Amino acid sequence: MELRELQGYASFFMTIFLVVMLYGYIIHLYRSEKKGENDYERFGNIALDDEISSDPVVPNPKAQKENEEQNK
Amino acid sequence: MFHWLEKNPFFFAVGVFVVIAFAGLIEILPNFAEASRPVTGLKPYSVLELAGKEVYKKDNCIACHSQLIRPFKSETDRYGQVSLSGEYAYDRPFLWGSKRTGPDLHRVGNYRTTDWHENHMWDPKSVVPQSIMPAYKHMFTNLADIETAYAEASTVKAVFNTPYGPEIDGTKAGWEKYKPTVLEEAKKIAADMKNKDVKDAVARGEVPEIVAMIAYLNRLK
Amino acid sequence: MNSLVIKALAFAAVLIIGTLVAVKSMNVNMDDTINQLTLLGAVAIAVLAFGVSAKYINQMKTDTATGELVDHNWDGIGEYKNELPSGWAYAFLGTLIWTVWYWLVGYPVNAYSQIGEYNQEVLEYNKKFEEKHKNADAATLKAMGESIFLVQCAPCHGETGDGLSGKAQDFTKRMSKEQVLNVITNGSDQLKYPMGAMPGGMASGADAEAIAAYVAGGMKGEQPAAFGVCAGCHGMDGKGNGGTAPNIAEYDETLVTAVLTHGKKGVIGAMPSFKGRLTPVQEKALASYISTIK
Amino acid sequence: MQSNAALEYDYSVAKLFTYTTILFGFLGMLIGTLIAAQLAFPELNYLLGEYGTFSRLRPMHTNIVIFGFTLSGIWATFYYVGQRVLKVSMAESKFLMFMGKFHFWLYFVGALLAVITLELGMTQGKEYAVFEWPIDIVIVIIWVSWGISIFGLIGIRREKTLYISLWYYIACFLGIAMLYLFNNMSVPTYFATENLGSFMHSVSMYSGTNDALVQWWYGHNAVAFGFTVPIVAMVYYFLPKESGQAIYSYKLSLLSFWGLMFVYLWAGSHHLIWSTVPDWMQTMGSVFSVVLILPSWGSAINMLLTMKGEWNQLTDNPLIKFMVLASTFYMLSTLEGPIQAIKSVNAIAHFTDWIPGHVHDGVLGWVVFMIMAALFHMAPRMFKREIYSKSLMEKQFWLQTTAVVLYFTSMWIAGITQGMMWRAVDEYGNLMYSFIDTVAVLHPYYVIRALAGVMYLVGFIMFAYNMVKTMTASKELAQEPQFRSPMA
């Protein structure tokens with residue numbers, strides 16, 4: 001098999017793999033929301049409620065620890 | 001699997017990188033060895049031609065001119081034989097261009113001549129009355145940088161094994177010895193030209209940009 | 001359909017009609033599949049891009065907050081449970097199917113070669129062309145020659161063939177005095193006629209001047225005695241003895257073909273060889289046109 | 001670290017980049033208008049002698065718009081949005097503050113050097129990658145300092161989830177870093193010899209077809225990661241924020257992101273269709289370009305649906321208009337590009353003015369509109385003053401919208417006409433038109449395009465004026481507005 005041909009096949013199958021991954025991700029997103037594992041839409045609020053004093057949507061435990069230390 | 005990626009900015013970045021780098025790997029790398037093989041009989045650019053190529057780049061001819069004849073009958077009738085990959089083996093960088101405000105130049109050496117280029121660069125409208133190309137009169141007075149061209153030839157010989165002779169060796173002494181050869185080549189071009197200042201400059205041992213430029217354009221075949 | 005979408009489609013239609021009018025006014029051949037597909041692509045761009053975006057913008061006007069509110073509430077901002085737009089999802093699937101078609105059938109990745117396709121195209125075309133015009137009449141040849149001249153020759157020789165004030169050969173006459181003198185002095189061996197090379201210096205001084213004036217003048221009036229030395233090869237009428245030497249009185253097919261094949265370098269400058277760029281029929285056509293330029 | 005109560009977002013770096021966005025935007029568009037006019041009226045080539053020809057100014061135009069205006073805009077918005085969606089202030093870290101300022105000043109110096117070398121004609125000869133190696137090194141340092149800022153901010157964030165805009169900013173950072181490095185690989189000739197010739201000169205590591213592949217892998221994706229990805233980042237933040245509407249579907253934005261990442265890099269070879277690169281690679285370029293339509297449209301549709309039922313805001317707030325129009329032009333150019341990448345269409349479109357037309361749909365309609373809207377949104381918050389004039393903004397919007405429409409329609413028709421003329425044959429099968437015929441016929445379209453350029457430039461000057469007045473003379477605000485930007 002020629003190198004060029006090999007490239008053709010490699011890219012063809014890799015693409016199919018990528019497409020499957022992408023569709024897998026779509027299914028994952030909608031299923032996990034349906035099952036109640038994660039609500040993705042709430043992340044949209046990160047942009048809307050972005051004052052420095054607002055509560056984070058998902059707090060970063062590391063930063064929280066620092067805050068607690070300061071407030072001691 | 002997906003949860004894990006979303007939660008971690010580091011792995012997220014790695015994920016993005018892998019996805020975007022993959023296309024490059026598959027598409028570009030495997031073709032390298034094959035496409036850099038020159039067609040038989042292809043000679044590397046002479047030093048004067050390289051200096052002309054620099055002028056071509058400096059005045060950005062690729063903004064308006066392509067060097068790529070596509071495989072359509074309408075293109076080969078107009079510009080000549082279809083371009084082949086191996087013909088570009090010594091083009092660093094490639095100068096295919098992306099826009100034809102003016103015509104393709106890949107084989108312009110086949111159907112235009114020194115005196116035509118001289119007239120055209122001095123005043124495009126004198127040969128093509130409807131031309132919208134600017135005149136490049138400064139090429140008749142600015143001097144081409146032939147020393148840098150020699151350095152370029154030496155570099156591609158040393159680094160990429162471009163087949164230049166032993167006289168191209170990248171040393172200062174080598175350049176002093178080689179310079180008359182370049183001037184000799186320039187004289188041949190200037191002999192076909194009419195501009196007095198250019199002829200005088202070449203006689204003095206200088207190489208105006210236009211001479212190098214024409215040497216390069218004539219080489220495009 | 002709502003007014004916004006109609007307006008958008010109307011704009012698309014105006015753009016397409018404008019394009020068609022512009023293209024048609026250039027007499028472009030619409031049988032060419034490439035041209036047809038391009039226009040089809042243009043229609044697709046205009047209709048889809050303007051139509052779809054107008055649809056969504058219109059939705060801002062009409063579609064007031066439908067859909068189900070999600071359970072929680074964020075600082076007074078409600079959220080809707082918004083599903084994937086189904087049109088988008090189906091279209092995505094559609095493009096993937098098209099992709100597979102393009103890949104396996106349209107331009108099959110393991111079989112298609114653009115150079116192969118090009119060679120085929122040229123081969124078929126040339127065969128048809130040569131056959132059709134093998135015995136073309138003079139008028140056809142001249143018309144064909146003119147169109148070739150305008151594309152291939154005019155950039156140097158000018159659209160009227162006058163050589164752009166001395167920048168190239170002037171086809172309105174055969175030779176200038178300067179050119180004749182140059183050939184007499186230096187000789188010529190460029191066109192490879194059966195008679196072979198012409199040596200330099202066959203005449204000089206006043207003789208050469210007289211010959212030059214006579215030839216440049218279109219070989220009219222009294223022939224100078226010195227022309228005898230030329231007539232030996234070029235003939236008394238200067239027409240080249242039936243193609244054994246160049247015709248110096250006028251342009252003929254042999255001469256034009258010879259210059260196209262070998263190129264020519266003279267006192268004006270050099271003309272490169274056009275060998276292989278024109279077919280024999282095209283060369284003949286060109287010669288027939290050039291010989292009529294006045 | 002200060003306590004949270006007194007803490008505020010620190011916009012000093014965002015402000016600096018805002019100034020350069022306006023400055024470079026003006027310069028880039030001024031030169032762009034001039035070179036557009038030069039194509040219609042060639043006498044304009046001789047205004048500045050050797051330095052004023054179309055050929056010398058064209059790279060100035062592209063580079064100032066790409067690396068001057070757009071990058072400044074990306075960074076101005078990043079130093080604004082980054083803090084807010086991570087809920088962390090630059091003021092909290094002296095190091096990040098220093099990096100931000102270092103980033104800006106090095107960028108400014110680098111930009112000056114770049115302009116000077118370009119005017120002198122020092123170039124690698126690759127479109128959009130023209131800078132010679134010493135400037136490339138400066139650019140790499142600038143880029144790394146931005147990376148430190150991004151990941152530094154992420155490191156000290158309070159909000160654990162990275163908002164979708166940040167995904168896009170990170171992709172922009174990584175994508176351009178990879179592409180720029182590989183495409184600019186070259187050997188300086190001065191050091192490869194006994195110091196012969198020019199210090200600046202270098203030769204590309206790749207030659208011919210290989211070089212073309214690397215270059216358009218870069219060239220196409222520099223557009224992807226410079227003109228698409230970071231602008232999507234902006235629209236995902238500024239449109240919801242200005243309108244007070246959460247994104248229509250966050251999930252769709254995630255899908256579109258990965259779709260874009262999967263597909264974009266493959267599409268580069270569509271710049272080389274009918275060239276000497278292998279056939280299968282060209283086919284790949286076409287195929288992936290078409291697949292790319294939907295991920296791009298995903299973002300655009302998501303934006304338009306965010307405004308669903310919000311017609312009032314659209315008619316009432318010119319800022320929303322800018323962003324909605326940007327989204328529709330994004331749809332137009334992301335459909336137009338893929339269709340031009342189909343082999344049969346490309347046979348006509350390539351090398352013609354239809355391509356610059358397509359580019360300017362994207363740049364004038366999408367990139368510039370979005371960046372201007374973002375700066376308008378940021379101004380009242382950064383300078384604590386309301387926007388100087390709403391009516392001026394309205395006028396600017398309509399003027400520039402007309403300009404973009406004129407631009408792309410004229411280039412659309414010009415390109416298709418010229419492409420078909422190149423192929424046209426007469427009844428004998430010979431070429432119908434000489435090259436110059438196909439140039440002469442474009443004159444009216446070039447005039448319209450130049451006119452569109454003037455209109456767009458005037459619109460940008462109105463924008464600049466409005467911004468400067470906002471910074472200096474507008475009514476001060478007591479409190480930071482939450483959603484809609486206040487304007488007089």
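What you are looking at is a predicted structure, and each value in this text was computed from that prediction instead of being measured. Numbered from 1 within each chain, the chains take letters A, B, ... in sequence-line order.
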Donor-acceptor pair, distance only, cut-off 3.5 Å: does the side chain of [X] make one with the backbone of [Y]?
X: D:Glu159; Y: A:Val58; answer: yes
X: D:Tyr9; Y: A:Ile52; answer: yes
X: D:Lys241; Y: A:Leu48; answer: yes

request  = Mind running side chain to side chain contact (heavy atoms under 4.5 Å, CB included) on A:Ile46 and D:Tyr237 for me, showing each step along the way?
outcome  = CA-CA 9 Å; A:Ile46 296 174; D:Tyr237 173 81; over 6 Å; no
task = Ignoring hydrogens and angles, state whether a donor on the side chain of D:Tyr163 or A:Asp50 is under 3.5 Å from an acceptor on the partner side chain.
result =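 Distance-only check fails for D:Tyr163 and A:Asp50.
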task = Could you check A:Tyr30, A:Phe43, A:Tyr40 and say which one makes a ring pair (Phe, Tyr, Trp, His ring centres under 6.0 Å) with D:Tyr250?
result =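 Testing D:Tyr250 for a ring pair (Phe, Tyr, Trp, His ring centres under 6.0 Å) against A:Tyr30, A:Phe43, A:Tyr40 leaves exactly one candidate, A:Phe43.
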query = At their closest point, which heavy atom of D:Tyr248 faces which heavy atom of A:Glu41, and how far apart are they?
reply =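 The answer is O-OE1, 4.0 Å.
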query = How about residues 77-90 of chain D versus chain A: which residues have heavy atoms under 4.5 Å apart?
reply =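 If one takes a 4.5 Å heavy-atom cut-off, the residues of residues 77-90 of chain D near chain A are D:Arg84, D:Val85, D:Lys87, D:Val88, D:Ser89.
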